[in-house]
Amino acid sequence: MSPNFSRRARGELQSTRDPNSPPNLLGVLLLPRPDTEQEHARTYGARSPHCISIPAIGPAVTMRRRVALCLVLFAFAGLHAAAVEAVTLSTSSRWIVDDEAGGRRVKLACVNWPSHLEPVVTEGLGMQPVDAISKKVASLGFNCVRLTYPIALATNASLSSLTVRRSLLAHGLAGAVAGVEANNPGLLDLTLIESFRAVVDSLGESGVMVILDNHVSRPGWCCADDDGNGFFGDRHFDPDAWVRGLGAMAALFAGVPNVVGMSLRNELRGPRQNADDWYRYMQMGAEAVHAANPAALVIMGGLGYDTDLSFLAARPVDVSFAAAERGKLVFELHWYSFADARAWESEDANEVCGRVARGVARRGGFLLDAGFPLFLSEFGADTRGGSRKDDRYLPCAAAVAAELDLDWALWALQGSYALRQGVAGADEVYGVLDWSWSKPRNATALSRIQSLQRPLRGPGYDDARPYTVLFHPLTGRCVVRRAADDAAAAAATLELGRCEDTDAWAYTQPASTLAMRGAGRGSPPLCLRAEGSGRPARLATSAAGGCRGDALSTWRLVSGSTMHVAVNATTTTTPSRDGGGGLLCLDVGDDGRSVVTNPCRCLDDAAAGECDPETQWFKLVTSTRSPATGAAAAATVARGLIAA
């Protein structure tokens, strides 16, 4: 089920402002600013709908600051009075669900889109029309965008009221101005906050949800320990201003139907970081967001660049809305190869994958069992290929994401930046899109990520008893039957295909057989059997338990990654030259499609660091969706991201 953002005639945000005139500071220069509460009430009304109440956060916020915030809200409220139908997300145990669809699961399959760098202009507006980008996001199967912003956009009226033109020119980006004028002329003379809202609205028109992510306080690239943006009290990170800014952004977007959540802060870090201040300020920020927009998910990251939430095991978060009937609290984690770069590059990939995956579970995965959603809000890799650490890491991360059926956000959408770390037009090798933002940078790499977009289980996806899916994370494909007719099923060869076309497998212990249920009622199950080195794995009839006790039908997980699926063929197979002994592992054939068995690779400690095992990685993943079978599998069509 997709969020139902109904279509509407969208009035373009065409600015009537003279581009050569001084900027309107969101009303601050054009409207009187009362300096007393009584004067404010006389001027704007005692209960102005454009003002919000932010919980006390220390020293009293001055009346001048409160009125400035009201003026920002007043100017912003005039944009897009017409509304689209809203989707309201909540949590049910570890799942994110749609309140309007009876609590059916919504799997966040997001991509990051930055607006937090120095110009505070959403990336790509100088390369393609904003609506074309939004439609591209949706067409690639992403159902949401994690849209980043600096907190100064909400707290500094002089910044937020700059026009896109003036901000780009202030950073010497005349070429970017020309690009925006060519691709998005209606945005060029909007203020930064107006253009930000226009991007949100454009995504809504394409049915794409938005999570607002406060990435930094001061605009700029993130992140470093010493950039002054890392932790509460750092040079550019005033926690009181941050809480006010969160409340302001929550209020500004409270009525925007496709804004479904707010991430409080990206990658807390640096020498000042500590758990006590984390609890103090993150809980304040959460309360400010929830008070201003009770419908939004509140997403909290941890310490150490969003890699560590382990401290929550001993001390849970204490927020007023934690016990609500419909939860709103979500936690987020980041995972990149560079956190373990040396290990990925030089050590046994099986052992590294297993070790790092256990670390992810220890530092955040435990929250799933505690009944909270865990949002993998940043992961990604160099899409050019050739990076050994990324080529090993990404299949491992994909396997974990599939096994846990995580909500996630890929870094990143952008193929290039207007300005990054002083470089105009900088390339983004992690980008989904190419430098020109016109097409996918690497369609093969993208397809691997798209395989994770479809939910496997959760509320509303309990069509079948739990069964096993054989997921191949290197390709993002699953093991399916090539034969479609029942008569040939017993001898069917297997191949990698779309995961939505998978049959239901059962991995049975202690026999360690991998069996596929029969093609029809009363039909015996079919068991997976190795036929020898380099030969296709086949399905054999397991009538009368014929597969049990057969060494070539006894499959065990034999490596540190738990992704080498192997039979012991010692009596019939010559030992492998790279350490597999007499073990035959599931593998991909030379055609890149067929499922075969080959001597297991990369199991010898002495050679493992130089060996790449990823083609032999198959993850046994649990699903409760209705599986495709026989001819139905061949007829299955591509489904939407929030599946029907």
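Hydrogens, waters and symmetry mates play no part in the numbers below; they use all other heavy atoms, side chains included.
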Q.
Main chain of Val130, side chain of Asn184: is a donor-acceptor contact present, judged purely on distance under 3.5 Å?
A. yes
Subject >> Under 3.5 Å donor-acceptor, Ser167 side chain and Val164 backbone >> reply: no
Indicate yes or no for a side-chain donor-acceptor contact from Asp306 to the backbone of Gly302 under 3.5 Å, with no hydrogens or angles considered.
yes
Does Gln414 use its side chain to pair, donor to acceptor, with the backbone of Ser416 at less than 3.5 Å?
no
Distance col, row Gln421:CD vs Trp221:CH2, nearest 0.5 angstrom, shows 6.5 Å
| message | Between Ile133 and Leu413, is there a side-chain heavy-atom distance shorter than 4.5 Å? | response | yes
dist Leu188:CG -> Asn183:CG (nearest 0.5 Å) comes out at 11.0 Å
Phe375 versus Leu406: any side-chain heavy-atom pair under 4.5 Å? no
So NE2 of His171 and CD of Glu118: to nearest 0.5 Å the spacing works out to 5.5 Å
After noting the C-alpha distance and the side-chain angles of Arg165 and Asp189, does the key distance pass the salt bridge (Lys or Arg N to Asp or Glu O under 4.0 Å) rule? CA-CA 6 Å; Arg165 183 194 302 270; Asp189 293 308; 2.8 Å; yes
Just do the side chain to side chain donor-acceptor pair (under 3.5 Å) check on Glu205 and Ser134 with the steps written out, would you?
-> CA-CA 8 Å; Glu205 287 293 324; Ser134 297; over 6 Å; no
Residues passing the ring-ring contact (aromatic ring centres under 6.0 Å, His included) test with Phe232, sequence neighbours excluded, are Phe237, Trp242, Tyr281
Would you check, one step at a time, whether the test salt bridge (Lys or Arg N to Asp or Glu O under 4.0 Å) holds for Arg146 with Glu332? CA-CA 12 Å; Arg146 181 176 180 250; Glu332 65 180 318; 3.5 Å; yes
Correct closest heavy-atom pair for Arg265 and Val216 would be NH1-C, 3.3 Å
**OP:** Could you tell me whether the side chain of Glu123 and the main chain of Ala418 form a donor-acceptor pair under 3.5 Å?
**Re:** yes
Note: Met249 and Tyr149 closest approach over all heavy atoms is CG-CE1, 3.7 Å
Residues 179-213 vs ring pair (Phe, Tyr, Trp, His ring centres under 6.0 Å), sequence neighbours excluded, gives Phe196-Phe253
Output for pair (Leu147 CG, Met209 CE), nearest 0.5 Å, gives 14.0 Å
message = Measuring only between side-chain heavy atoms, which start at C-beta, is Glu378 closer than 4.5 Å to Asn112?
response = yes
Side chain proximity check, Arg105 to Ile96, heavy atoms < 4.5 angstrom:
no
From the list Asp234, Asp227, Asp226, salt bridge (charged side-chain N to carboxylate O under 4.0 Å, His left out) with Arg269 holds only for Asp227
Applying side-chain hydrogen bond (donor to acceptor under 3.5 Å, both in side chains) to Thr444 and not counting sequence neighbours gives none
- Heavy-atom side-chain contact between Leu117 and Tyr417 under 4.5 Å: yes
Closest non-hydrogen contact found for Met127 with Ser436 is CE-CA, 3.6 Å
- Query: Any chance CZ of Arg384 has more than 12 other-residue heavy atoms, nucleotides or ligands included, within less than 6.0 Å?
  - Reply: no
| said: Checking the side chain of Asp407 only, and the main-chain atoms of Leu108 only, is there a donor and an acceptor separated by less than 3.5 Å? | reply: yes
Arg197/Asp201 ion pair, N-O < 4.0 Å: yes
* Checking Trp408 side chain against Leu452 main chain: does a donor-acceptor pair fall under 3.5 Å? -> yes
### Query
Between the side chains of Ser263 and Asp213, is a donor N or O closer than 3.5 angstrom to an acceptor N or O?
yes
Asp98 side chain to Glu100 backbone, donor-acceptor under 3.5 Å: yes
Exercise. How about Trp113 and Thr148: do any of their side-chain heavy atoms sit closer than 4.5 Å?
Worked result: no
Can Ser320 and His290 be counted as having a side-chain donor-acceptor contact under 3.5 angstrom? no
Q.
So does Gly301 get a backbone contact from the side chain of Trp278, meaning a donor-acceptor N/O pair under 3.5 Å?
A. yes
Ring-plane angle category for Trp411 and His116, please: parallel below 30°, perpendicular beyond 60°, tilted otherwise. tilted
>> Can you classify the ring geometry of Phe338 versus Tyr336 as parallel (below 30°), tilted (30 to 60°) or perpendicular (above 60°)?
In response: parallel
#### Entry: N/O donor-acceptor pair under 3.5 Å between Asn258 side chain and Val200 backbone
yes
Do Thr191 and Leu162 touch side chain to side chain, with heavy atoms closer than 4.5 Å? no
Within the structure provided, determine whether Thr163 and Glu194 are in side-chain contact (heavy-atom separation under 4.5 Å). no
- Query: Can a donor-acceptor pair be found between the side chains of Lys328 and Ser90 at a distance below 3.5 Å?
  - Reply: yes
